[in-house]
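Read the structure below first, then the notes.
This structure is a prediction, so every number in the text was calculated from the model and none was measured.
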Amino acid sequence: MGSRTFFHHREEEQKEERKQSLQMTSTTRKKRFKTSEEEETFSLSELSIAAALALTSEIPQDHKLRREAAILELEQRGQKRVRFGNEMEKLEKEVIRNCRLLRVRADRKALRKKAVEKAQMEKDYIELRSGRPPMFWIPLRVHAVWERMEVTLACTVLASPPPQVTWYKNGAPIDLRLAPAGKYKIKNKFGMLTLQISRCSMEDSAEYSVEIKNQYGEAYSFATVLVRKYYGKESGFDSEIYRRSLIAREADFAFSMKPLFSREKEPFTLSCYFSSDLLEHQRDIAWFRDGELLQNSECHKLKYQDREASLTVSCAHKEDEGFYTIRVPSLDGYKEQTTYVFVRDAAAETPGAPGSPLNVKCHDVNKDCLILSWVAPSDNGGSPILGYFIERCVAGSEEWVPCNDRPVKTCRYPVLGLTEGQTYQFRVKAVNKASISHPSKASAPVTTYDPSKDKRVTVIPYDEGRKIEIFKDDLEGHIKVPLPPTNVHASEVREDYVALAWDEPDPRGREPLNYYVEKSIVGSNSWQMVNLDTPVNSPRFALFDLVKGKSYCFRVRSVNKYGISEPSLPSEPITAGAKLATLPPPSQVLAFRDTKTSVVLQWDKLKDGLEPLGYYIYCRETGTEGWQTVNNKPVTCNEFTVPGLQPGKEYVFCVKSVSEAGLSESSPETDPIVVRPAIARPSAPRGFVLLSCGKSEMTIGWKPPKRRGGTKLLGYFLDQHDTSELDWHEVNIQPIPQRVYTVGNLKEGHLYEFRACAVNMAGVGEVSEPSDAFKCEEWTMPEPGPPYDVKFTEVRDSSLMLHWQAPLYTGAGPVTGYYVDVCEEGSEEWKQINKQPVATTHMKVSDLETGKCFIFRVRALNKAGIGPPSLPSDPVVAKTKPGTNEIELGVDEEGLIYMAFEAPEKNDSSEFIWSKDYEGPPDADRVRTEEKGNKSKLILTNPSEKDLGVYSVEVTDVDEDISASCTLTKEDLDKLLKRSHEIRNPLIKLISGWNVDVLEKGEVRLWLEVEKLSPNAELHLIFNEKELKSTPTHKINFVKGKGLVELIIQNFCDDDKGMYTAQLQDGKAKNQFTLVLLDERFAKVAEEADAKRREWKKKQGPYFIENLRWKVTESCEVLLTCKATNLRKDTSFQWFFNKKARTGGVFDPQTGIGTLCVKKITKADEGQYKALVSDDRGEDYTQLDLTKGSFEDLLKELCRISALSASPLKIQPTEEGIKIYTDVKYYTDYMKTTWYHKEKQVESRDRLKAGSTMNQIWLHILNPTDADKGKYVLELFDGNDTHKLSTDLSGQAFEDALAEHRRLKEAAVAEKCRARVVQGLPDVATIMEDKTLCLTCCVSGDPYPEITWFKNEKVIVFKDRYKMDVKGTVVTITIEKVCNEDTGKYSIYVKNKYGSETGQVTISVYKHGEIPVGTDEKTQVETVMRKPK
């Protein structure tokens, strides 16, 4: 046996060696060289390669050193070594030798290939001879392990060829894809087979087998794995062992990641929480989107802190939508969770605009062009997408340049005119008839380049990392005029364009090439150059303006600096304008239930090899019209879970295919589906407890499964196990409907374990973990047994309702009460809630801390004491779940009082269980229930005080608590009864009571408004106990559709005084409404009606539309204005003041504006102003009362404007002193002025005089002294506000003013004392001959002046007829018997030390009988006798 094993292992080792040697053999395909017997011609590039090899190979190292030393020596001597002659001959020989060497290598490769083929044949023959059926050299063995440990099943096999291995668990093949991640590891190495099971649980207890099979036979090996569990002291884990088991336990996911909904341009964060801190080897967290690893960057922030791993996207785009997976390493491999992130379209700037395109990518990048592609948006905005606009920008800038003038109809477009070596980004906008979408996310930066550049370079490595680069362009320098391109063909044909491609000429030449494209319509011999102005740099070109439906041929010419080539061969005929059709929609779209908020969709992929870019999914709630987009990024699979749906609502779905041509038509709608959890088998029951025990029987209770499978539980199957035996035995054959069961025929003193499984319509669920071992011995304790089935309902933020069942074992006496204990989850400290025992099996627990998790237990009490506690309840978080509904209390349309509760999360088999005061269903004689869909209604059939109490409702057959309660109080019942009475005995609802309106013509409208009435409604209008009928003077309108009742009275007078009552009836509903029009109310309405009647009559002629009003202008003038309308040419306009006509007003008949301007208003202008407009049709007037308060308001406004117009204080020296003043536009006495000097009010006295004129306010300082220096302030009070002006009279300002004052004072004194002729002399005097002429005048001056008279500028000597008389200030000159010689110009000259002055008069003497021209006798006399006053 040992020798066979040795040979077998030796045989396996030889096989492995042969396999490795064959794998190491090179399989690289190289260019084939002809053998030495064949003739070969070498190209110029191949000869260059051979020359390079000759220069770089087979040169000894010492020869190189000697050669370098010789060259260095020659260079030092100033010489230069040049290869020539014999050197070139040697080079040629080396080239020929290397060519032959390459042929020898090719021959060796052919021989090696033949050797490999022969070795493979020998290997196959040896394997065929060594074939043998499989056998187990070392079989599997039995294992027993503790829970949470690992176990490895191993065996050794012999077989040739190596067998196919299959592992089984309880006869079922183990599929690693279906098993939990990392649960199983299967290895097969050198004939040793292993199956590793990690973290064993009770479910891993099974029979395992392995099957090995090849073409010569098969073999099996079996082994049993038994997983044991440790049971602690207190119905579960021993606390110390449990704590130790947590040490270094790997963290697991605390919650499942839920789908996340975001929006474009907004940030979002995807978080994942762990049950504990990650261990060191678990910190390498990886995030994936659609299978692509995400790295930490500015766009994606990856973070782990406080048991939370998060991925934050700073600015979401639709490209960020998809399946996100978090992967956490573990000892067994890795753990991962996946969810979907939805990115909604950003809000459109214009309603109806489509969504933005996505996935903008660049293809076929060349030197000056590329192909751009994108994906159509899912939302077209309500109208078909007409096309797309493309924009580009240089990377790093924000200047976007349009690439196309007209919309592109497909999702692919060639972009031309780019610059070689420049980096670009692109974005796309969709357009429909409403507007343009937001731009898409910019594409990744792309740099234009020559893709053929690398193909034209040959790199030869040599000498430890060095390399020689041989450029094909350098070897083609002999090419001048280029050759024509080849293989001209259409790479893409679209509705908007045709993209051409061709191959460069070979050889191309050293100079850069451009290309010209020519086109020709098929059937014609004429060729037209397409791009004459802009030659193409790349072997790509797109044409956009081809005639649709016509066929074209194309050819291309190459051009460089030496010339242009001949044209290429024409392309195949190409038909332009072929419209790219959209793909058909997917078929067989089916919707299946998933969870309470999601639905699974499945559909068939497209047939006939059609490959869409993906699919868009749409949903619509039944009964609505608008389709909602589910995903904004196409999904490539044919199954998708649609989350975020409303529980209990009914939806339909459809799917569209996405292709380059856009979106397909919608698939047929799915059948309507209600969003509810899918039906599945229930999970395992739990929490087994011993409720009572006899000598040969036990009563067992347990908790329901956490997951009921979305339907009603049909019952339970219970198994028992005597710990002294190996086998489990069924307790019941038919399902047990309750969760309490008495097991009989037990052996006293034995320990028994129990397990159970639940069953629903989907099948039998998981088997529970075995219970604790309960000893079968009769209970004789006096205290009661434990209560059971502790559960909670109505969980809210700070309270919940706790329920339990009374203990089955009552002990020495009946149970008299219960105590409830509570502890926070994670704590072992129990606190008693109620100080006094509660007699009922329910209790409301209040004052809980919101957000914390609690556990409850209950202890029963009898006269002997307190019994053991119940099994703890499930943990519960004191927080109101989002979307929690409460009981609605109301009255329906028939007047029935009801309580309603809606539960969208209910299942098809769920029931609403109503109870009153938590003691059972309400009395069936007093209530009845109605259920419709997700809503249940409890109706009080005969409501009274007997129905007061607490009503609660609970929904069955759901995984999470759905319950609520409400308290019906006496106050609530009274309100509901009142409302019920109103509905049963309806009243017509009043919307607006009686209203009284006076219409424009003086008509009185009485109206009221009630709710809408049916066409059969009736109205009776009663006035003073008599029914009114509609007449021309009292018109009644009854608009039933609007509920409007109105009475229009033409001439409202005393006969209409009284009470108006409207009696309405509409079927059963009726009501009446009364209006009282008496005394003051009637008088007020009558007065208003009469005024409006007169007003209306007035408006038949000219009338005022703007009444008289006043305005103070900036120049302090008062304008009185009004405006009239309905004017004619003969309409007159008059102004009145205090009932007297006043002139000065202006009236413009075109505009109807009348204006009266009062320039300087005074107290005399106070009074009544009136404007009157009239013609033969009538007259109208408007009055303005400018007395008392109104006039005072006007003066206040005038003072305000005047005060605002005041100039800064000015200083003016005078002959009396210094004057400080301000100029105003208009000053009135109403404006109060106050002067301040050095912040003290100035009183008017001898030296300080305050005063004002119409345009000036001043303070005069007489005979100023140094005491008058300082700051002067003038306060102007306009009746409301105070305005202050100030100036500083000190320093140089005071000195200058004082000096000017003194100068003016001296000048005034001189002027006052100067000699002057005051009055008396006329300008001209006439006198008749022989008369006596007397000229008198007054003179003044101090000292008295000297007096001299002149005649014709000659001094008069007073003698004979000339005499002068001086009496004080009166000076008289007398000429006796005047004659013609006395005619002339006379003047008086007065002079003293202060000055002089001259007075003149002209004397004319006429003869007797003559009358001077322009004079009469009276004038003569007056002239002669004129004397000074």
Determine whether [X] and [Y] make a side-chain contact, defined as any pair of heavy atoms from C-beta on separated by less than 4.5 Å.
{"X": "L973", "Y": "P943", "value": "yes"}
{"X": "K946", "Y": "R926", "value": "yes"}
{"X": "Y809", "Y": "P786", "value": "no"}
{"X": "Y818", "Y": "P837", "value": "no"}
{"X": "F688", "Y": "L871", "value": "no"}
{"X": "L800", "Y": "T793", "value": "no"}
{"X": "F653", "Y": "V642", "value": "yes"}
{"X": "N934", "Y": "F912", "value": "no"}

Passes side chain to side chain donor-acceptor pair (under 3.5 Å), E902 versus N885? Steps please.
-> CA-CA 7 Å; E902 185 174 9; N885 293 330; 5.0 Å; no
If you measure only the distance, is there a donor-acceptor pair under 3.5 Å linking the side chains of [X] and [Y]?
{"X": "S909", "Y": "N907", "answer": "no"}
{"X": "D1066", "Y": "S1014", "answer": "yes"}
{"X": "T629", "Y": "R344", "answer": "no"}
{"X": "W804", "Y": "D789", "answer": "no"}
{"X": "T742", "Y": "T699", "answer": "yes"}
{"X": "R984", "Y": "S980", "answer": "yes"}

Whether D917 side chain and E919 backbone form a donor-acceptor pair below 3.5 Å =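 Checking the backbone N and O of E919 against the side chain of D917, no donor-acceptor pair under 3.5 Å is found.
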For [X] versus [Y], what's the shortest heavy-atom pair and its separation?
{"X": "S910", "Y": "D957", "answer": "OG-O, 3.8 Å"}
{"X": "F1023", "Y": "G1058", "answer": "CE1-CA, 3.9 Å"}
{"X": "A591", "Y": "V599", "answer": "CB-CG1, 3.9 Å"}
{"X": "E1018", "Y": "F1038", "answer": "C-CE2, 4.0 Å"}
{"X": "P922", "Y": "S915", "answer": "CD-CA, 4.0 Å"}

Could you label the plane-to-plane angle of the Y273 and F255 rings as parallel, tilted or perpendicular, counting under 30° as parallel and over 60° as perpendicular?
-> perpendicular
Centroid separation W914 to Y951 less than 6.0 Å |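 W914 vs Y951: aromatic centres not under 6.0 Å.
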Ring-ring centroid check H803 F792, cutoff 6.0 Å |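 Not under 6.0 Å, so no.
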Under the criterion side chain to side chain contact (heavy atoms under 4.5 Å, CB included), which of I991, V1039, N995 is the partner of E1009?
-> I991
Stepwise side chain to side chain contact (heavy atoms under 4.5 Å, CB included) check, L1047 with L1021 | CA-CA 9 Å; L1047 170 65; L1021 191 57; 4.1 Å; yes
Please determine if D908 and R676 form a salt bridge, counting it only when a charged side-chain N lies under 4.0 Å from a carboxylate O.
-> yes
Salt bridge or not for K932 and E930, using N-O below 4.0 Å?
-> no
Between R620 and the options E669, E650, E625, the salt bridge (Lys or Arg N to Asp or Glu O under 4.0 Å) test singles out E669
If you count the non-hydrogen atoms of other residues, nucleotides and ligands that lie under 6.0 Å from [atom1] in [X], is the total more than 12?
{"X": "K258", "atom1": "NZ", "result": "no"}
{"X": "H1020", "atom1": "NE2", "result": "yes"}
{"X": "E971", "atom1": "CD", "result": "no"}

Test side chain to side chain donor-acceptor pair (under 3.5 Å) on T1061 and T1074 and set out the steps.
-> CA-CA 4 Å; T1061 301; T1074 301; 3.1 Å; yes
For W702, is the NZ or CZ atom of R739 found under 6.0 angstrom from the centre of its six-membered ring and inside 45 degrees of the ring axis?
-> no
Between R857 and W830, is NZ or CZ placed under 6.0 angstrom from the six-membered ring centre and within 45° of the ring axis?
->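 Yes, cation above the ring, under 6.0 Å and within 45°.
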Pair S271-E308, side chain to side chain donor-acceptor pair (under 3.5 Å): steps then yes or no = CA-CA 7 Å; S271 297; E308 177 188 359; 2.9 Å; yes
